[in-house]
2 protein chains.
Amino acid sequence: MQMKTGVEQSVYAILILNMLPDKAVLPGEAISQQLGASPTYFQKLLRKLVSADLITSVPGVKGGFKLRKKPEDIRVYDIYLAIEGKQSLYSSSGVLHGMLDLEEENSCCLLTNLMEEAESSWKSVLKRETVASLYEEINESYPLKVQLLQEWIKEKMVL
Amino acid sequence: MQMKTGVEQSVYAILILNMLPDKAVLPGEAISQQLGASPTYFQKLLRKLVSADLITSVPGVKGGFKLRKKPEDIRVYDIYLAIEGKQSLYSSSGVLHGMLDLEEENSCCLLTNLMEEAESSWKSVLKRETVASLYEEINESYPLKVQLLQEWIKEKMVL
DNA sequence: ATAATAAGGATAATCATTATCCGCTTTAGT
DNA sequence: ACTAAAGCGGATAATGATTATCCTTATTAT
């Protein structure tokens, strides 16, 4: 039971896009290189972020990606959800049914309630932090490195 | 990102063992049949529960498994931990490092803190419920079915 | 001694995740 | 209009974790 690495990559990808000037756009390949991710698969991740309305894509020769929302309005949870999907961490396999030989009607499952509560507790923490607050943190911790990243972005961005 | 089905099976296995009279023991194969689980793989799960000191095993011709602790002292979390292991839900792949070209020293990772907090929030819910409370619930919901299960246990148990 | 059971290792089957490839569409620049 | 650079979407392969099976050994009641 491990979170997909795609979530981590997506969060940092969005942090990079957050540093992009307005109207500018960054090609997916540039981002994947900076993150050390597989370019082709990383494009699939970006697609999911687009589908989730977190970023927008511009096709064509000067195309690329940029944020769709303000960083304060993108929660880590949104990114998690975009990549992992809405499927819950636990899904009953009906073991209780077999064990007690239950009728179809009463399909309740002891564990399901508890697990749902646990999951929503987990999610609520992910909902607290936004891209804006992450960027603040990272900028306070490594202002110099962020500066360098800014310059790299200016090289690679288009428009 | 899905919890192993082994967690669900283990929880219900332990609920069955909880209904076992003192000194009695239940063969692993009987349990797996009742749960509709693969017998050989289910034995592996039982081994993990033994290693975690949640149940004890008795080898030999009248052998089987029984609870090691009182049901009030077995939390759902203990079972989860026994099966899933202590590995956390999120583990950083060092994407941030590559992105900012960080030195080894400052190996902190933005996301790791948040994810750890989320995970401990998730776990704290699993720590609330015990086998005893689960048994109460199930017995209140399906007293008749539990009765039937009791009888089945009396047939299958040994010692 | 035999039979039933757990223990443990090796290995296979299955499934989700990650990765690659290819053909298509869109658009800026010439 | 043509070309090149980018995103889009489908098919498919590679990888890795989970689940499942098999076989051999150890333990113990009869």
Side-chain angles (χ1 to χ4, degrees), chain A residues 1-10 13 17 23-33 35-52 55-66 68 80 82-85 87-91 93 95 156-159, chain B residues 1-10 13 17 23-33 35-52 55-66 68 80 82-85 87-91 93 95 156-159:
Chain A
M1 194 193 191
Q2 276 272 162
M3 183 179 296
K4 300 188 201 178
T5 68
V7 174
E8 184 181 3
Q9 293 177 338
S10 298
L17 292 181
K23 312 275 176 155
V25 118
L26 203 53
E29 187 153 0
I31 309 177
S32 74
Q33 275 181 20
L35 297 182
S38 124
T40 54
Y41 182 58
F42 186 69
Q43 286 275 345
K44 310 283 187 192
L45 295 177
L46 289 172
R47 285 299 307 134
K48 291 192 180 190
L49 298 177
V50 170
S51 295
I55 67 180
T56 44
S57 64
V58 177
V61 76
K62 279 194 167 182
F65 299 87
K66 64 181 173 189
R68 181 181 202 105
Y80 162 82
I83 304 300
E84 291 275 349
Q87 174 186 239
S88 54
L89 269 48
Y90 167 84
S91 76
S93 314
V95 177
K156 296 293 187 175
M157 73 186 190
V158 289
L159 266 191
Chain B
M1 194 193 190
Q2 276 272 160
M3 184 177 297
K4 301 187 200 178
T5 69
V7 174
E8 183 181 3
Q9 293 176 338
S10 298
L17 292 180
K23 312 273 175 157
V25 118
L26 204 52
E29 186 153 359
I31 310 177
S32 75
Q33 275 181 19
L35 297 182
S38 125
T40 55
Y41 183 57
F42 186 69
Q43 286 276 344
K44 311 282 187 193
L45 294 177
L46 289 172
R47 286 299 305 136
K48 291 191 182 191
L49 298 177
V50 170
S51 296
I55 67 180
T56 44
S57 65
V58 177
V61 75
K62 279 194 166 182
F65 299 87
K66 66 181 171 188
R68 180 181 203 108
Y80 162 82
I83 303 301
E84 290 275 350
Q87 176 185 239
S88 54
L89 269 48
Y90 167 83
S91 75
S93 313
V95 178
K156 296 292 187 176
M157 74 186 190
V158 289
L159 264 190

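The sequence lines fix the lettering, A, B, ..., with proteins before strands; numbering per chain opens at 1.
- Put simply, B:Tyr41 has no side-chain N or O that comes within less than 4.0 Å of OP1 or OP2 on D:dA20.
- A donor-acceptor pair is defined here as one N or O able to donate and one able to accept, closer than 3.5 Å; no such pair exists between the side chain of B:Gln9 and the backbone of B:Ala37.
- Side-chain atoms of A:Lys62 and base atoms of D:dG7 include no donor and acceptor less than 3.5 Å apart.
- Contact of A:Lys44 with D:dG7 (side chain to base): no donor-acceptor pair of N or O atoms is detected under 3.5 Å.
- A distance of 7.5 Å separates CG in A:Leu17 from CG in A:Leu46, rounded to the nearest 0.5 Å.
- Counting non-hydrogen atoms under 4.0 angstrom, A:Val58 reaches the backbone sugars and phosphates but no base.
- Judged by closest nucleotide on DNA chain D, A:Pro27 is the one of B:Thr5 and A:Pro27 placed further toward the 5' end.
- Checking the phosphate oxygens (OP1, OP2) of C:dT5, no side-chain nitrogen or oxygen of B:Ser57 falls inside 4.0 Å.
- As judged by a 4.0 angstrom heavy-atom cut-off over every strand, B:Thr40 is placed among the base-contacting residues.
- Using a 4.0 Å heavy-atom criterion, one finds that A:Gln43 contacts the sugar-phosphate atoms exclusively.
- Following rounding to the nearest Å, B:Leu17 (CG) and C:dA6 (C1') show an atom-to-atom distance of 14 Å.
- A:Met1 comes within 4.0 angstrom of the backbone, heavy atoms only, and of no base.
- In this structure, A:Gly63 reaches the sugar-phosphate backbone alone: every heavy-atom distance under 4.0 Å involves primed, P, OP1 or OP2 atoms, never a base.
- Counting only heavy atoms from C-beta outward, the side chains of A:Phe42 and A:Gln33 never approach each other to under 4.5 Å.
- Atom CD of B:Glu29 is surrounded by 12 or fewer heavy atoms from other residues, nucleotides or ligands within 6.0 Å.
- A:Phe65 comes within 4.0 angstrom of the backbone, heavy atoms only, and of no base.
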